[in-house]
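In this text, all values refer to a predicted model and were calculated from it rather than measured experimentally. Side chains included, hydrogens not; waters and symmetry mates left out as well; all remaining heavy atoms used.
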Amino acid sequence: MVDRGVLLKSGRGMYTYIDAEITEHHSLAVASQRVEHGVICLLSALQFHGIGTQAPFEVWVAIDVHARRPNLDVLSLRPVYMSGLALTVGIETHAIEGTPVQIFNPAKTIVDCFKYRHKIGLDVTLEALRESWESRRCSMDELWEYSKICRMSKVMRPYLECLS
């Protein structure tokens, strides 16, 4: 089918129809297919939910601490290691180009931004918190619940008090 021009080889073991509609979130669909148990997180999740102004050049994926680092030949991937409830709560499944993609919801993503603020920057984290609060994408209760699960309640308390 590749020789006949019906399919295009887009990676090892991955093929795409020549006339397929490629969306702006195509890289998330590819990452989801390549990293089976991964969850789209941090900057990639913020971009998907339309929070903030960040446009990451890599796909941020949360994987289990005991999982081996994924090797992707097609995509720039930034793995973030999580475990327990921090990896399993707050997941939404969205269909992107017909592929089910697991993505953390906005509240869990913001809490993760606080947890990994040294990797992504405090300015990005505060911008995401402010914008999600103003646009009512998450509630104070959701943020507080996820902050307790991710052990970020002491860090986030002053910022949440300023919002309320």
Side-chain angles (χ1 to χ4, degrees), residues 11 23-94 96 99-164:
T23 65
E24 63 181 314
H25 302 298
H26 177 73
S27 59
L28 302 181
V30 172
S32 180
Q33 290 174 341
R34 300 299 267 181
V35 185
E36 294 175 9
H37 300 292
V39 182
I40 305 300
C41 65
L42 294 171
L43 298 180
S44 298
L46 287 177
Q47 181 188 28
F48 177 80
H49 292 298
I51 300 171
T53 58
Q54 298 298 311
F57 64 92
E58 358 177 60
V59 177
W60 292 71
V61 179
I63 58 176
D64 190 80
V65 292
H66 300 295
R68 65 179 179 80
R69 182 182 170 88
N71 184 12
L72 295 181
D73 53 350
V74 177
L75 189 62
S76 181
L77 187 75
R78 182 78 180 260
V80 178
Y81 296 96
M82 297 182 185
S83 64
L85 286 176
L87 181 61
T88 58
V89 298
I91 297 174
E92 300 175 343
T93 303
H94 297 272
I96 299 174
T99 302
V101 179
Q102 292 187 326
I103 303 173
F104 284 124
N105 65 30
K108 172 70 166 73
T109 300
I110 290 166
V111 172
D112 286 341
C113 287
F114 273 95
K115 189 168 189 163
Y116 294 96
R117 65 193 178 279
H118 300 293
K119 289 187 178 191
I120 66 170
L122 186 59
D123 56 334
V124 174
T125 301
L126 295 178
E127 176 191 26
L129 176 64
R130 190 177 316 108
E131 188 174 319
S132 66
W133 179 252
E134 289 172 357
S135 63
R136 307 264 187 239
R137 292 184 186 244
C138 57
S139 68
M140 191 65 67
D141 292 335
E142 289 175 311
L143 289 169
W144 188 248
E145 187 63 34
Y146 290 125
S147 72
K148 289 189 295 187
I149 290 170
C150 296
R151 299 187 314 253
M152 286 281 100
S153 54
K154 287 184 180 179
V155 172
M156 291 184 65
R157 175 176 274 135
Y159 298 103
L160 297 178
E161 287 175 352
C162 287
L163 289 177
S164 57

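You'll find the side chain of Pro70 stays beyond 4.5 Å of the side chain of His37, heavy atoms only. For the pair Ile40/Val61, a side-chain contact is recorded, criterion being any heavy-atom separation below 4.5 Å from C-beta on. Residues Phe104 and Val111 fail the side-chain proximity criterion, which asks for heavy atoms closer than 4.5 Å.
For the pair Asp64 and Ser83, the tightest heavy-atom approach, listed with the atom from each and the gap, is OD1-CA, 4.4 Å. Between Ala29 and Thr99, the shortest heavy-atom distance links the atoms O-CG2, 4.1 Å.
Checking side-chain atoms of Thr125 against main-chain N and O of Ile120 turns up no donor-acceptor pair under 3.5 Å. Remark: the backbone N or O of Val39 is not paired with any side-chain donor or acceptor of Gln102 at under 3.5 angstrom. Distance alone, capped at 3.5 Å, places no donor-acceptor pair between the Ser132 side chain and the Arg137 backbone. In this structure, Lys108 contributes its side chain and Ala86 its backbone to a donor-acceptor pair below 3.5 Å.
The distance from the CH2 atom of Trp60 to the CG atom of Leu77 is 10.5 Å, given to the nearest 0.5 Å. With rounding to the nearest 0.5 Å, the separation of CD1 in Ile103 from CZ in Phe48 is 4.0 Å. A distance of 7.0 Å separates NZ of Lys115 from CE of Met82, quoted to the nearest 0.5 Å. Note that CZ of Arg34 and OG of Ser27 are 14.0 Å apart. Values are rounded to the nearest 0.5 Å. Taken to the nearest 0.5 Å, the CD1 atom of Ile63 stands 12.5 Å off from the CD atom of Glu36. Between the SG atom in Cys138 and the CD1 atom in Ile51 there is a gap of 6.5 Å [rounded to 0.5 Å].
Listed by first and then second residue, the side-chain hydrogen bond (donor to acceptor under 3.5 Å, both in side chains) pairs that reach into residues 44-55 are Thr53-Glu127, sequence neighbours excluded.
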What pairs of donor and acceptor atoms, side-chain ones from residues 146-162 against any protein atom, are under 3.5 angstrom apart with sequence neighbours left out?
| residue | atom | partner | partner atom | Å |
| --- | --- | --- | --- | --- |
| Tyr146 | OH | Asn105 | ND2 | 3.0 |
| Ser147 | OG | Leu143 | O | 3.4 |
| Ser147 | OG | Trp144 | O | 2.7 |

Problem set entry | CA sep, side-chain torsions, deciding dist, call: Ile110, Trp133, side chain to side chain contact (heavy atoms under 4.5 Å, CB included) | CA-CA 10 Å; Ile110 290 166; Trp133 179 252; over 6 Å; no
For this session: Applying side chain to side chain contact (heavy atoms under 4.5 Å, CB included), run through Val59 and Ser76 and close with a yes or a no.
Result: CA-CA 6 Å; Val59 177; Ser76 181; over 6 Å; no
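A side-chain contact (heavy atoms from CB on, under 4.5 Å) with Arg117 is found for exactly one of Leu122, Leu126, Asp123, namely Leu122.
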